[in-house]
Amino acid sequence: MTALGYGAMVCVLILVGLPLYWIVVTSFKERPDIYVQPSVWWPHSFHPENYATATSTVPFWIFLRNSLIITSIISAVKFALGVFSAYGLVFLRFPGKNIVFLAIIAALMVPNQITVISNYALIAQLGWRNTFQGIIVPLCGVAFGTFLMRNHFLSLPAEVIEAARMDGARSWRLLTRVVLPMSGPTMVAFGIITVVNEWNEYLWPFLMTDDSSVAPLPVGLSILQNTENPSVTNWGPVMAGTVLAMLPILVVFLLLQRHMIKGLTSGAVKG
Amino acid sequence: MTYINRRGFLGLTGAVAAGAALTACAGSGSGGSSSGDSKTINFWSNHPGTSTDVEKELIKRFEAKFPDLKVNLIDGGKNYEEVSQKFNAALSGGDVPDVVVLSDVWWFNYALIGAIEPLDDHFAAAGVNTADYVDSLVSDYVFNGKHYALPYARSTPLFYYNKQVWSQAGLPDRGPSSWQEFDQWGPELQRVVGDGKLAHGWGNAKDYLAWTFEGPIWTFGGSYSDKWNLKFNDEKTIAAGNFLRDMIHTKKYAAVSNSIATDFGAGILASTIASTGDLSGITKNAKFDFGTAFLPAADGTPGCPTGGAGLAIPAKISDERKLNALKFIDFITNTENTAYFSQNVGYMPVRKSAVDDPSEKDYLAKNPRSKVAIDQLPRTRSQDYARVFVPGGDQIIGTGLEQIALQNADVTSTFANVSGQLQQIIDRQITPKLPK
């Protein structure tokens, strides 16, 4: 059984690791090492100039700044909305609670692409095209986060919640002092998923932006590519840009992972 | 410490939920006339062939000639599909561009719904002389007797071949004169290249297989369609499909490649049909001598489709903006500028007079491979409606050809299925909108 587990781990490592390795290695290759058969698994000579090309051919640092602004604001808003709305659905009594939850589930079922045209029309009428608010506001809908956090809150031990209420904890205190401290791992998971999704968001920012002033990295880096005639593309700088775009997310993940594990190992009720 | 009671918290949660609902479901709106600064031209481009710097130079030249006009170059995406997607969204509301790049498979959809302007009524005012545009290229944008775009980044497929392999196979240094001749060469070329490589590679559906195989179908006497009349059940079209199937599955000297231009440049394919737009990339990538040739076709038979993109003007902008936009289109596609664009990007010059431009003459003398595309123009023909005018037609046809090439699917039944899908779209989406 252990061998099977290790075997599966190795398979996953290869499936995930190989493309990542290829991206990193290609980011140091010169053009002749990229367009060659058989494939070159280790560059004949390292070409770090690709990173300079990636950051100078396009206004990379502006795109990075934009990505940080967009991702941090959307993630913060989504996180707050997700936690508050899930708390309301689990711990507060009000009429039509199940209908609200069903509406949220229904929203989850609607692909983003369906709402693009109506969102675009509204944002354009508000004069928000090519602005941060035009990109951010429509992406703040939070059905997934509400669903995830609600299901987690339902799994919390009822006796702990009851004890807190008997101690006189009101809604705000119950949320901040009892519910959230017991929800570390789920919140971190929710945070990571949200940050990664927003960081990689392409379609909506692409439709909303006209220039580098508000365009995030995924939109900006596409300028380095030419998918009409792929042979024209110099993949070295494209991969260098991809590596640079991955790094901030990797840092966030590594920082949050520690808290995730810590949250998983800490018990809410001591025996 | 201030406590929030249950009612207050419910209120807060309700406000948050309402906000979330509003942001998730923005209301729809339809755009009326699009207002904008008439002295500013917004040019939406996907920068065909990685032409950002070239486009910026063309804009600089335009602004020098028309100092009262300003041009904003706006990134429309990384390919023709994305720029069309962005334009489509813009039509739903808000400001549309003044000039937009639309490819061969996109402009007609917008012309049909009245989203782009017929340009003929503005030609005189803008001083446009369409007679100097290459006939086969400018006629590609005619619908119902009107021009809906003008040619810009135009290409044709070329036959690319590895001269080294050709020499080893004892073949003459030229492209095949017909597909039948190439069918004789194929097995010998395959023997020379050996396992793991191919004598010929076709692109997949995403790599425009429906475009690159259009010429071969014509040389067999078939076609995808004759105007709106689909021809997939025609025995000559089926014969061309069987030719594709046999070269891959019976004679085994060809296959579908994931990236034809890249694989040819890497030496995996001994020959392929790829766009003129790929020429600069292949030239940089290939470590061997290669040639370009006309697509195989008997003399006098058009065996090559045109392709690439043109420039269109949205219908809902003001007449003044339309006029300025047309001046811009005319300027960046004039003799000198189309020659400059062609030399730096790899697409074809779109003006007849460009071949007499001194810089173009010099360029073609130094780059005979590029000259092949221009020399081939008289042997081109406008594409079949089924591919370029039917929404999604390119991918439907390409997927059908892919099934034949990858799965050894029966040609007759596959083409019948393709025909059925296309006919349904024509009946539902096109016929009701066609002028009576």
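Each chain gets a letter, A, B and so on, in the order its sequence line appears, and its residues count up from 1.
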Given heavy-atom pairs under 4.5 angstrom as the criterion, report whether the side chain, backbone, both or neither of B/A274 touches chain A. neither
Hey, are the side chains of B/E82 and A/Y202 touching, using non-hydrogen atoms and a 4.5 Å cut-off? yes
Check: B/K86 side chain, A/T209 main-chain N or O, donor-acceptor pair, under 3.5 Å: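 Pair found, side chain donor or acceptor close to backbone of A/T209.
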Given B/G77, B/A90, B/G265, the one with more heavy-atom pairs under 4.5 angstrom with chain A than any other is B/A90
Measure the spacing between [atom1] of [X] and [atom2] of [Y] and express it to the nearest 0.5 Å.
X: B/D75; Y: A/S222; atom1: CG; atom2: OG; result: 7.0 Å
X: A/I117; Y: B/N88; atom1: CD1; atom2: CG; result: 5.5 Å
X: A/D210; Y: B/N42; atom1: CG; atom2: CG; result: 7.0 Å
X: B/N285; Y: A/I34; atom1: CG; atom2: CD1; result: 9.0 Å

Around atom CZ of A/F60, are there more than 12 heavy atoms from other residues, nucleotides or ligands closer than 6.0 Å? yes
Can you tell me if A/L18 has over 12 outside heavy atoms packed within less than 6.0 Å of its CG?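 Check passes, neighbour count above 12.
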Over all atoms of both residues, closest heavy-atom pair of B/S92 and A/A121: O-CB, 3.6 Å
For residues A/L203 and B/Q85, report the shortest heavy-atom separation together with the two atoms involved. CD1-NE2, 3.7 Å
